[in-house]
Amino acid sequence: MPKVVDPEARRREVAEAVFRVVRRHGLEQASLRNVADEAGLAVGSVRHYFADHDDLLRFALKELTDRLERRITVHVEAVRSAGAREGRRQAVEDLLAELLPLDPDRRDEAEIWLAFATAARTRPTLRREARRMHEGMRMIVGKVLVGDGVPDVEVETERLAALLDGLALDGVLHPDLTTPEVMLAVLRKHLASLTAG
């Protein structure tokens, strides 16, 4: 009896192969052949699930964005249900920390995200999903700041988003200098300065 393969599960498996190739060799090496080899599939099998190379990369970027969104959603609920000021502060920190490369999984994710975000500048097929991630992060940051009663929320949203982006970039490029401890200390100090008084 032939094996039944769930198409969405197979597409996610191939996206994981894309991520592994991107992590090791960069996005430019994520060709259909290299991804198929990484996934242990024939190129024709990959083509069965994706119309073309652009479709594969778009799907992989969407999968990366969706993965982060699912994790963030859990923390959004924790922020909403946090009662005391200290409980809320910790819940906000935990939520924003999901955007930083604080452990091997999040570091891998940040490296992959940076490769895709950079490629989106010159690959129109990736721009929509890259923009969704950019805007989604700012929406979350803005809602957190509104909930904390931070004045001048538009400017402060951009400032905090830029801080998170910079920490993530430095955490990927200079992990020996911008360690998880450094990133968390900077984030905590910034959040405390926003809610002081």
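Quick caveat: nothing in here was measured; it's all calculated off a predicted structure. Here, residue 1 is the first one in the sequence, and each next residue gets the next number.
Evaluated for a side-chain contact (heavy atoms from CB on, under 4.5 Å) with L167, the options L100, L96, L102 yield exactly one hit, L100. Of the residues V153, L187, V144, the one that meets the side-chain contact (heavy atoms from CB on, under 4.5 Å) test with L160 is L187. Each of R131, R132, R127 was checked for a side-chain hydrogen bond (donor to acceptor under 3.5 Å, both in side chains) with E129, and the lone residue meeting it is R132.
For the pair V172 and T178, the minimum side-chain heavy-atom distance is 4.5 Å or more. Two residues are said to be in side-chain contact when any heavy atoms from C-beta on lie closer than 4.5 Å; L99 and L68 meet this criterion. Put simply, the side chain of D94 reaches to within 4.5 Å of the side chain of Q90, judged on heavy atoms. With a 4.5 Å cut-off on side-chain heavy atoms, V18 and F116 count as touching. Looking at heavy atoms from C-beta onward, F19 lies in side-chain contact with L64 at the 4.5 angstrom threshold. Using a 4.5 Å heavy-atom cutoff, the side chains of P101 and M183 are in contact. Considering only heavy atoms from C-beta on, E109 comes within 4.5 Å of R71 through its side chain. The closest side-chain heavy-atom distance from L177 to D170 is not below 4.5 Å.
Remark: E135 does not engage R138 in a salt bridge, criterion side-chain N to carboxylate O under 4.0 Å. One finds no salt bridge joining D148 and K143 here, because no Lys/Arg side-chain nitrogen approaches an Asp/Glu carboxylate oxygen to under 4.0 Å. Using a cut-off of 4.0 Å between Lys/Arg side-chain N and Asp/Glu carboxylate O, R67 and E16 are scored as salt-bridged. The existence of a salt bridge linking R47 and D52 is excluded, since no basic side-chain nitrogen approaches an acidic carboxylate oxygen closer than 4.0 Å. Residues R88 and E93 are not paired through a salt bridge, judged by the lack of any N-O separation under 4.0 Å between the basic side chain and the carboxylate.
Taking the side-chain contact (heavy atoms from CB on, under 4.5 Å) definition, one finds that E13 meets it with R10, sequence neighbours left out. Not counting sequence neighbours, E181 has no partner by the salt bridge (charged side-chain N to carboxylate O under 4.0 Å, His left out) test. Here D103 pairs with R106 under the salt bridge (charged side-chain N to carboxylate O under 4.0 Å, His left out) rule; sequence neighbours left out. For R123, there are no salt bridge (charged side-chain N to carboxylate O under 4.0 Å, His left out) partners, not counting sequence neighbours. Residues satisfying the ring-ring contact (aromatic ring centres under 6.0 Å, His included) test with Y49, not counting sequence neighbours, are none.
Counting non-hydrogen atoms of other residues, nucleotides and ligands closer than 6.0 Å to CZ of R24 gives a total above 12.
Both L95 and V146 belong to a single network of hydrophobic side chains, linked directly or stepwise wherever heavy atoms of I, L, V, M, F, W or Y lie under 4.5 Å apart. V22 and L114 are members of different hydrophobic clusters when ILVMFWY side chains are connected at heavy-atom separations under 4.5 Å. The same ILVMFWY cluster, assembled from side-chain heavy atoms under 4.5 Å apart, contains both L191 and V182. Clustering ILVMFWY residues whenever any of their side-chain heavy atoms sit less than 4.5 angstrom apart, transitively, puts L169 in a cluster other than the one holding L27.
The OG1 atom of T157 sits 11.0 Å away from atom CE of M137, with the distance rounded to the nearest 0.5 Å. The structure places NE2 of H53 at 6.0 Å from CG of L56, a figure rounded to the nearest 0.5 Å. One finds the CE atom of M139 at 13.0 Å from the NE2 atom of H134 (value rounded to the nearest 0.5 Å). For the atom pair OG1 of T65 and CE of M133, the computed distance is 5.0 Å after rounding to the nearest 0.5 Å.
Residues Q29 and V21 approach most closely at O-CG1, 3.5 Å, considering heavy atoms. Smallest separation of non-hydrogen atoms from L173 and P175: C-CD, 3.5 Å. Across all non-hydrogen atoms, the minimal contact from A60 to A15 is CA-CB, 4.1 Å. Here the closest heavy-atom approach between residue L126 and residue R58 is recorded as CD2-N, 4.0 Å. Between T73 and E69 the shortest heavy-atom distance is OG1-O, 2.8 Å.
Remark: side-chain polar atoms of H25 are not paired, donor with acceptor, to backbone N or O of R20 under 3.5 angstrom. Between the side chain of T179 and the backbone N or O of D176, no donor-acceptor pair lies under 3.5 Å.
Residue pairs satisfying the ring pair (Phe, Tyr, Trp, His ring centres under 6.0 Å) criterion with at least one member in residues 54-75, sequence neighbours excluded, are listed as follows: F50-F59.
In this model, no donor atom of one side chain and acceptor atom of the other lie less than 3.5 Å apart for E38 and N34.
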